[in-house]
Each structure stands twice: as C-alpha cells, then as structure tokens.
Amino acid sequence: MKKEFKIRANEFKGPINLSLTINSGQTSQPSWIKKDGYFRELISVDGKPCLIKITQKGDNPENPLEVMAQSINDLKVDAIKGQIMEIFGLNHDLDKLYDFLRNDPKLEPTINFCKGLRLFKAHDIFECLISSISSANCSILRWNRSIRDIKRKWGDEYKFSREPFYTFPSPQILATLPEHDLEEMQRCEDDLPENFVFDNNLQACGVGYRAKYIINASRMVQDEINLEKLGKMKYDKAFNTILQIPGVGPKVADCILLYGYGFGEAFPVDLWIKRIICKLYFDGEDIPVPKIRSFGIERFGEYAGYVQLYLFHYARKSGLLERLKP
DNA sequence: TTCCAGGTAGTCG
DNA sequence: CGACTACCTGGA
C-alpha cells in the first residue's frame, strides 16, 4: 500500500517548521534521517508498521507538509494523518503559546528564534522510555547510535526499498538480553572460535552502565508498570509512578512524560536549563535542580514543556548557551 | 596519557 | 533532607 497526501495550513494551528522541529535535538527519539529531500522513519499506525516520508517545501512555516506513506498493511489516510498530527504536535495552538510567551519579557525573545518549532512526540512509548534512560549521557550522538544499534540487533526488519528500517524491540526481548560481553560468553555452551566477537549484548551498544537499568526497566514494564495506563493518569501521579523505574530520575521522568505522553506541564531540567533559568530568573544565583523544576512548573503551567524547548533552542542560537559555559 | 561530561543511585551524616 | 561520589564511554 502506498499513499500520498498533504497536510495544509488550515489543518494545523499556527506555524510549523518541520526541519527545525525534527533537528532541534529534542530527546527521546533519534532524529529522522533525511534522504532525497524527505525525512524518513518507520512508525506504527494502528499497531502496524508504516514507513513515513515527509517534507515541507520552502521556508514558509505556513507551507503544507507533504507525506508519502508505505505499508504492507492497508492503512487509511486518516489514521496515518492523525498519527502525524500527533507526532509533530500539529494539534498544539502555537498562536496561543506565543501570546503566553509575549507576556513574559524573558520569554518574548524566544519567539523569533523558534517560529514553528513544535514538541516532537515519540512514536513508540517503550522506545521513548529506553532512549530517555540512555540519554542520561553526555552526547546526543552517542545515545542516538545506541538506540540505532539496539533496533538493528533486536528489532524487526522492514524493507521498502534498498535500505532496511527496524522497529524497536519489545520489553520481552530487552528483558532477557545479556548485560555485557562476559554474561553473553557465559551463556554460550558451545565451543566458539578463538576470536569470536561478543556483540550481542546491551553494553556492546555503548550504553555503558545503563545496560543494567535498561534490562531492569524492561522487566518492570513487563510485569509491574503498565505504560498504557500511565498516559491516563494525572501528571503528578504519572511522575511518581515512573520514578520507580530503574534509571529514571526526575529529569528522565519529565522527558518521558513530555515527549512520550504529551504532558505539556512537564518541565525537564537538565544542566543547561538549570543554568538558563538561574541566569534569566535568579540573577545568576545557583539554585538546586529540584527548585528549578518546581519554579518552572508553577510559573509556566501548561506551557512548561514548550518553555523548556524554546528556552534551550533560543539559548543555543542567541549565544547565551556559550556564555553560560563554566 | 589522564580527565571530563551527563543524570541516576547509592552512601554518608 | 543535602552533599558527595561511582558508574561507563568516547572525545579533548
């Protein structure tokens, strides 16, 4: 099945800048690969794998999104479109957000730097959980590579043209993986060649000490925490529930709630957001991270997630981030 | 070579 | 509670 369609400006509220949204380094999903002018990713529509190619021509954030979809199943255009609206935050009313930002002199300048930047939602909640855990890592490049490796080694392969795409493996699969080389070796009873390379384990994907977290988190998702139910909880309850998962602290929890479930009131505070908030709102005073989080949640309310996204991108582009380096 | 970043979990008082 | 450090990996 192949479908092509457009999503026009009258179908979303306010501007969208597709490449900015995809490339703004929002955590919880490796960025979509651009090839032949189209961003590509294998997503799931009604539980069925579907390859999406999406582009926005020109640099006007009112321009329509052009979509090509391919699947071995017969999927309805409406279902695919609905999923894309969800992933790219097209249901968010950005004009209303900008009214909110204009009311705060510290936030007003972010608008021009971020026109059309939207929250980019994860397309798979379990993948979001695991990649958020591995994103507690110093380099986006590194955890991106880890997630890619995990998908290639243990996900299901789908080929629509020459290059293959992979789903993210299930909790059942990840829960039983060997943590590192040694464990993989110990599980092998057969005689292996002298120079056999043990790379069928989690640590071989470069996740470091997070391998243990990933395995235990997968076990927990299998038999203790229902990821579906989390999205239906109130934000506070969901936050406290998800904190019980190994490898999930306050920052990672907020990333999952924001990017995985779309809780706009989540305010993930990493080192950089902390520095930015201290500089803008506390005259450079060193405020502990938990205080920054409650400050953000109280002050920015339902827009906290967007404020975090806009502040970070603004700081990066305006040179503020560079000046905040210790 | 050694050092360091990044958030979480663990330990200590 | 707050302050501290170990954890891994790869880049400086």
Side-chain angles (χ1 to χ4, degrees), chain A residues 24-31 122 127-150 152-153 174 177-185 197-221 224-225 230 238-260 263 266-279 282 285-297 304-305 308-309 311-313 315-316 321-326:
Chain A
S24 53
Q26 301 182 44
T27 44
S28 300
Q29 56 251 298
S31 49
E127 172 174 349
C128 175
L129 168 69
I130 300 302
S131 53
S132 298
I133 289 174
S134 19
S135 75
N137 195 320
C138 14
S139 142
I140 292 181
L141 233 63
R142 220 149 81 197
W143 67 257
N144 255 330
R145 215 203 53 198
S146 300
I147 298 305
R148 211 189 51 214
D149 283 358
I150 290 173
R152 213 184 36 225
K153 285 182 191 194
L174 292 196
L177 288 180
E179 184 185 333
H180 38 54
D181 294 0
L182 185 63
E183 197 183 336
E184 187 186 346
M185 194 164 67
V197 180
F198 291 97
D199 62 353
N200 218 33
N201 62 78
L202 259 180
Q203 225 164 54
C205 301
V207 297
Y209 55 86
R210 299 162 201 89
K212 211 188 290 290
Y213 301 156
I214 292 174
I215 291 167
N216 289 329
S218 304
R219 286 186 188 144
M220 210 152 174
V221 164
E224 269 180 75
I225 288 188
L230 259 163
F239 183 81
N240 288 318
T241 307
I242 212 167
L243 269 189
Q244 299 169 23
I245 299 177
V248 178
K251 193 272 184 177
V252 167
D254 271 334
C255 280
I256 296 166
L257 294 177
L258 181 61
Y259 297 111
F263 282 96
F267 193 65
V269 181
D270 62 12
L271 194 74
W272 293 105
I273 288 299
K274 172 190 142 111
R275 286 175 183 157
I276 293 166
I277 294 286
C278 288
K279 171 78 178 168
F282 295 93
E285 196 191 335
D286 188 3
I287 310 287
V289 168
K291 289 228 168 70
I292 301 281
R293 174 168 178 266
S294 45
F295 168 82
I297 286 174
Q308 173 264 163
L309 177 64
L311 275 178
F312 185 73
H313 185 70
R316 202 155 60 166
L321 213 57
E322 203 55 39
R323 291 199 300 276
L324 289 175
K325 278 186 184 164

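Lettering follows sequence order; numbering is per chain, from 1.
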| field | Nucleic acid footprint by protein, nucleotides 7-13 of chain B - heavy-atom cut-off 4.0 Å, B for base, S for sugar-phosphate alone | value | BSS----
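- Checked by atom type and distance alone, the side chain of A/K274 pairs as donor or acceptor with a backbone atom of A/I287 at under 3.5 Å.
- Within residues 197-205 of chain A, no residue has a heavy atom under 4.0 Å from DNA chain B.
- Taking atom NZ on A/K212 and atom P on C/dA6, their separation rounds to 17 Å, with Å as the unit.
- One interatomic measurement links the two molecules: CZ of A/F312 to C1' of B/dG6, which rounds to 12 Å at whole-angstrom precision.
- No donor-acceptor pair under 3.5 Å is formed between the side chain of A/K212 and the backbone N or O of A/P246.
- Note that CG of A/L202 is 11.5 Å distant from CG of A/D181, once rounded to the nearest 0.5 Å.
- A heavy-atom distance below 4.5 Å is not found between the side chains of A/V207 and A/D149.
- When all heavy atoms are compared, the tightest approach of A/R145 to A/C205 is NH2-O, 4.1 Å.
- Rounded to a whole Å, the CG atom of A/N144 is 14 Å from the P atom of C/dG11.
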| Starting at the 5' end of DNA chain B, what dot-bracket string do you get if Watson-Crick and G-U pairs under 3.5 Å are bracketed, crossing pairs use [ ], other-strand pairs use | and unpaired bases use dots? | .||||||||||||
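- When ring centroids are compared, A/F239 and A/F263 stay outside the 6.0 Å threshold.
- Within the 4.5 Å cutoff, no side-chain heavy atoms of A/Y209 are placed close to those of A/H180.
- A straight line from CZ of A/R145 to P of B/dG6 spans 18 Å, rounded to a whole angstrom.
- For the pair A/V248 and A/I133, the minimum side-chain heavy-atom distance is below 4.5 Å.
- Across A/S134 and A/I147, no two heavy atoms sit closer than the pair OG-CD1, 3.8 Å.
- Spacing between atom CG of A/L141 and atom P of C/dC8 amounts to 22 Å, rounded to whole angstrom units.
- Taking every heavy atom of both residues into account, A/R316 and A/S24 meet most closely at NH2-O, 3.4 Å.
- A/I133 has its CD1 atom 16 Å from the P atom of C/dC8, to the nearest Å.
- A distance of 8.0 Å separates CD in A/Q308 from CD in A/Q26, rounded to the nearest 0.5 Å.
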